[in-house]
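Since the structure comes first, as structure tokens, the remarks are kept for the end.
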Amino acid sequence: MGQVAFDTLQASEELESAGISREQARAISLVVRRSHEVADVATKADIVEVNRNIADVRKDLSAEMNLRFEKVDAQISDVRKDMAVRFEKTDGQIALIRKDVETIANGLLLKLGGVIVVTISAATAILKFF
């Protein structure tokens with residue numbers, strides 16, 4: 001932080017011309033100077049420097065965020081491709097299972113038809129003997 005400029009000689013002279021004794025004017029000027037030395041006051045140059053630093057940090061963060069967003073976008077794209085491939089495989093497997101179920105259902109239907117025919121034939125044969 002910068003120091004605030006304070007001219008003790010000029011301050012003493014102005015106090016003396018206002019009617020304060022030389023010793024009191026010097027004492028007041030020294031107290032004011034010391035208070036300025038102790039005070040942690042930001043100058044315009046300090047504020048400009050801080051603003052520059054903030055702007056630099058913003059640029060760095062923006063660049064880093066853009067880089068990370070690009071990486072995340074690439075990862076999401078890869079996951080979408082993987083999912084598309086897996087869905088295609090799953091669709092193919094589901095189609096095969098449907099064919100298998102259809103084949104089994106047709107086989108069971110034929111067997112059930114055969115059982116019905118045999119049952120009706122057996123019932124008819126039994127009824128003919130009685």
Side-chain angles (χ1 to χ4, degrees):
M1 297 284 168
Q3 292 290 329
V4 176
F6 182 73
D7 187 354
T8 56
L9 179 60
Q10 180 185 359
S12 293
E13 289 173 354
E14 288 179 19
L15 290 170
E16 284 179 42
S17 66
I20 296 178
S21 71
R22 177 175 257 187
E23 291 79 27
Q24 288 177 335
R26 284 185 185 171
I28 291 171
S29 295
L30 288 173
V31 168
V32 171
R33 187 186 81 205
R34 286 186 188 131
S35 71
H36 285 179
E37 289 174 355
V38 173
D40 197 14
V41 178
T43 63
K44 289 180 182 179
D46 293 333
I47 293 170
V48 167
E49 182 181 347
V50 168
N51 285 338
R52 255 190 252 122
N53 290 342
I54 290 171
D56 290 344
V57 168
R58 281 184 178 163
K59 286 178 189 174
D60 293 345
L61 285 176
S62 179
E64 186 175 333
M65 287 173 57
N66 286 336
L67 181 65
R68 288 186 184 213
F69 284 143
E70 289 173 6
K71 287 180 181 179
V72 169
D73 288 344
Q75 290 172 343
I76 289 172
S77 177
D78 291 344
V79 168
R80 285 182 176 162
K81 288 176 187 174
D82 291 344
M83 287 175 61
V85 169
R86 288 184 183 180
F87 283 142
E88 287 177 17
K89 287 180 182 178
T90 303
D91 289 345
Q93 291 171 343
I94 289 171
L96 290 174
I97 290 171
R98 284 185 177 160
K99 285 182 182 178
D100 289 344
V101 168
E102 186 178 334
T103 302
I104 291 170
N106 288 338
L108 288 174
L109 187 59
L110 289 174
K111 288 179 184 179
L112 180 61
V115 168
I116 291 172
V117 168
V118 169
T119 304
I120 292 173
S121 297
T124 305
I126 292 174
L127 288 175
K128 282 186 182 179
F129 286 117
F130 290 114

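Everything quoted here is computed from the prediction, not taken from an experiment.
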For the backbone of [Y] and the side chain of [X], can you confirm whether one donor and one acceptor N or O come within less than 3.5 Å of each other?
{"X": "Ser77", "Y": "Asp73", "value": "no"}
{"X": "Asp46", "Y": "Thr43", "value": "yes"}
{"X": "Ser62", "Y": "Arg58", "value": "no"}

**Item:** Stepwise side chain to side chain contact (heavy atoms under 4.5 Å, CB included) check, Val79 with Gln75
**Value:** CA-CA 6 Å; Val79 168; Gln75 290 172 343; 5.5 Å; no
Quick one: pull up [atom1] in [X] and [atom2] in [Y] and give me the separation to the nearest 0.5 Å.
{"X": "Asn51", "Y": "Lys44", "atom1": "CG", "atom2": "NZ", "result": "13.5 Å"}
{"X": "Gln24", "Y": "Ser12", "atom1": "CD", "atom2": "OG", "result": "11.5 Å"}
{"X": "Ser29", "Y": "Arg26", "atom1": "OG", "atom2": "CZ", "result": "9.5 Å"}
{"X": "Leu15", "Y": "Gln10", "atom1": "CG", "atom2": "CD", "result": "10.5 Å"}
{"X": "Leu61", "Y": "Asp56", "atom1": "CG", "atom2": "CG", "result": "11.0 Å"}

**Request:** Indicate if Val31 and Ile20 have the same hydrophobic cluster label, given that clusters are the connected sets of ILVMFWY residues with side-chain heavy-atom separations under 4.5 angstrom.
**Result:**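 Different clusters: Val31 never reaches Ile20 through Ile, Leu, Val, Met, Phe, Trp or Tyr contacts under 4.5 Å.
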Check: residues 103-113 side-chain donor-acceptor pairs under 3.5 Å, at least two apart:
residue	atom	partner	partner atom	Å
Thr103	OG1	Lys99	O	2.8
Asn106	ND2	Glu102	O	3.4

**Prompt:** So which heavy atom on Ala25 is nearest to which on Glu16, and how close?
**Reply:**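 Answer, listing the atom of Ala25 first, then Glu16: CB-CG, 3.8 Å.
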**Prompt:** Which residues pass the side chain to side chain contact (heavy atoms under 4.5 Å, CB included) test with Glu13, sequence neighbours left out?
**Reply:**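 Side chain to side chain contact (heavy atoms under 4.5 Å, CB included) check on Glu13 returns Leu9.
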